[in-house]
There are 2 protein chains.
Amino acid sequence: VRVGELSRRSGISLPSIKYYLREGLLPPGERTGPNQASYDEHHLRRLRLVRALIDVGGLSVAASREVLAAVDEPDRRLHDVLGQAQVGFTQTPPEHPAEAAPAAERARKRLDELLARRGWRVSGDNPARQTAVEVLMTYERLDQPDLLEMLDAYAEAIERLAHDEVALVVAQGERERVVESAVVGTVLGDTLLGALRRMAHEHASVQLLAPGGTGPG
Amino acid sequence: VRVGELSRRSGISLPSIKYYLREGLLPPGERTGPNQASYDEHHLRRLRLVRALIDVGGLSVAASREVLAAVDEPDRRLHDVLGQAQVGFTQTPPEHPAEAAPAAERARKRLDELLARRGWRVSGDNPARQTAVEVLMTYERLDQPDLLEMLDAYAEAIERLAHDEVALVVAQGERERVVESAVVGTVLGDTLLGALRRMAHEHASVQLLAPGGTGPG
């Protein structure tokens with residue numbers, strides 16, 4: 001189909017589609033004339049995925065491009081593709097003053113001990129390690145020891161869920177499906193989990209701050 | 001202390017501090033001369049909080065400003081402050097074609113049924129509702145029914161944790177501590193939870209894809 005039809009069927013504006021093409025998020029259509037190209041179901045599907053990653057998952061254009069490149073490499077190990085879905089999520093490491101080295105060491109030790117306690121096998125180059133270390137250092141720097149103590153509760157909450165998620169994704173069978181489910185579930189799952197956490201916070205705070213109350217919390 | 005000393009003690013560069021002052025993230029120091037101001041412990045603490053929200057929590061400058069404004073309003077109900085910590089997290093709603101209305105309706109119904117099943121009391125204007133609805137619509141649009149089916153598992157995983165988090169924050173007692181813990185725990189907790197989820201995914205995928213394997217996953 002022509003690009004106008006792609007826009008109509010996806011509900012995504014023409015300028016947005018042209019932007020995604022320029023940025024390499026959407027592969028070019030098949031040339032059918034000097035100023036014309038033809039797009040197929042694959043483009044429509046990819047367009048929806050791009051939109052999901054950026055608008056709902058909150059990934060940057062650059063991060064989305066990296067994730068999609070990983071999706072498109074058939075030889076890429078599934079692990080690595082899943083790891084790539086983290087790019088948009090991991091922030092640039094803050095500048096640490098030299099004095100922060102012992103704090104980083106403490107945070108790394110705390111994380112390693114958690115992983116050992118739970119028996120999680122996590123490779124040394126999983127970028128999530130550094131993300132977790134940054135958060136733990138920040139809790140310490142902000143003098144929030146109670147938040148630090150929640151680490152096990154976080155791991156406990158996520159462990160079973162993560163196992164079920166991976167099992168579900170692997171059960172998709174066909175590689176293209178598996179990879180797409182993994183990317184969508186990883187990126188959008190963060191958003192969904194965060195949203196449910198906010199709602200559960202509201203519910204808990206109604207319970208804890210206004211027990212028995214039925215008015216506005 | 002002077003601004004140079006504030007920079008030295010926080011490990012945050014002078015240009016960054018000046019930027020935060022211009023952007024209203026850091027309150028101005030007390031004027032001590034035509035080109036001089038003095039800063040205190042409160043500024044140091046606030047500077048660390050700003051840095052945590054932006055660098056580790058991934059909030060935008062605008063979102064951080066809104067969160068901090070909520071922190072500084074002593075009359076603001078704690079609920080509302082916590083709600084504000086969500087601003088940076090909630091994405092701009094995607095453009096929905098008119099055909100999407102029934103899909104939005106289905107997603108809202110799915111969420112309402114979840115909240116009813118779990119007995120969560122969540123106000124109609126909690127912005128997390130819309131975020132969750134967007135994710136559910138996206139799963140449907142991307143033809144990922146299995147991810148949709150995970151909704152209960154997500155809620156189950158987060159429910160107990162969220163209760164413990166709120167209990168811990170409320171136990172801080174003094175309002176300023178409570179609010180700061182709530183903001184830090186809400187924003188950075190998302191980051192930590194996401195990082196642990198990635199690590200748990202790696203562990204689960206080693207278990208499921210290479211059972212018994214000890215080599216690199």
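A note on names: the letters A, B, ... follow the listed sequences, proteins ahead of strands, and every chain is numbered from 1.
By number of non-hydrogen pairs under 4.5 angstrom with chain B, the leading residue of A/Ala52, A/Gly119, A/Gly189 is A/Gly189. Of the residues considered (B/His163, B/Arg48, B/Arg177, B/Met199), B/Met199 shows the highest number of contacts with chain A, using heavy-atom pairs under 4.5 Å. Of the listed residues (A/Arg197, A/Glu180, A/Arg118), the one with the most heavy-atom contacts under 4.5 Å to chain B is A/Arg197. Top candidate by heavy-atom pairs under 4.5 Å with chain A, chosen from B/Leu49, B/Leu136, B/Leu168, is B/Leu168.
A 4.5 Å side-chain heavy-atom check between B/Arg106 and B/Glu140 finds at least one atom pair inside the cut-off. Between B/Arg51 and B/Ser16, the closest side-chain pair of non-hydrogen atoms falls below 4.5 Å.
The existence of a salt bridge linking A/Arg198 and B/Asp190 is confirmed by a sub-4.0 Å separation between a basic side-chain nitrogen and an acidic carboxylate oxygen. Classification of B/Glu113 and B/Lys109 as a salt-bridged pair holds, one side-chain N sitting under 4.0 Å from a carboxylate O.
The distance from atom CD of B/Glu41 to atom CG of B/Leu6, rounded to the nearest 0.5 Å, is 9.5 Å. Here the straight-line distance linking atom NE2 of B/His42 with atom CG of B/Leu26 works out to 8.0 Å at 0.5 Å rounding.
Side-chain N/O atoms of A/Glu159 and A/Trp120 include a donor and acceptor closer than 3.5 Å.
Residues satisfying the salt bridge (charged side-chain N to carboxylate O under 4.0 Å, His left out) test with A/Asp164, not counting sequence neighbours, are A/Arg160.
Residue-level contacts of residues 148-158 of chain A with chain B, in order of numbering, are A/Met150, A/Leu151, A/Ala153, A/Tyr154, A/Ala155, A/Ala157, A/Ile158; threshold 4.5 Å between heavy atoms.
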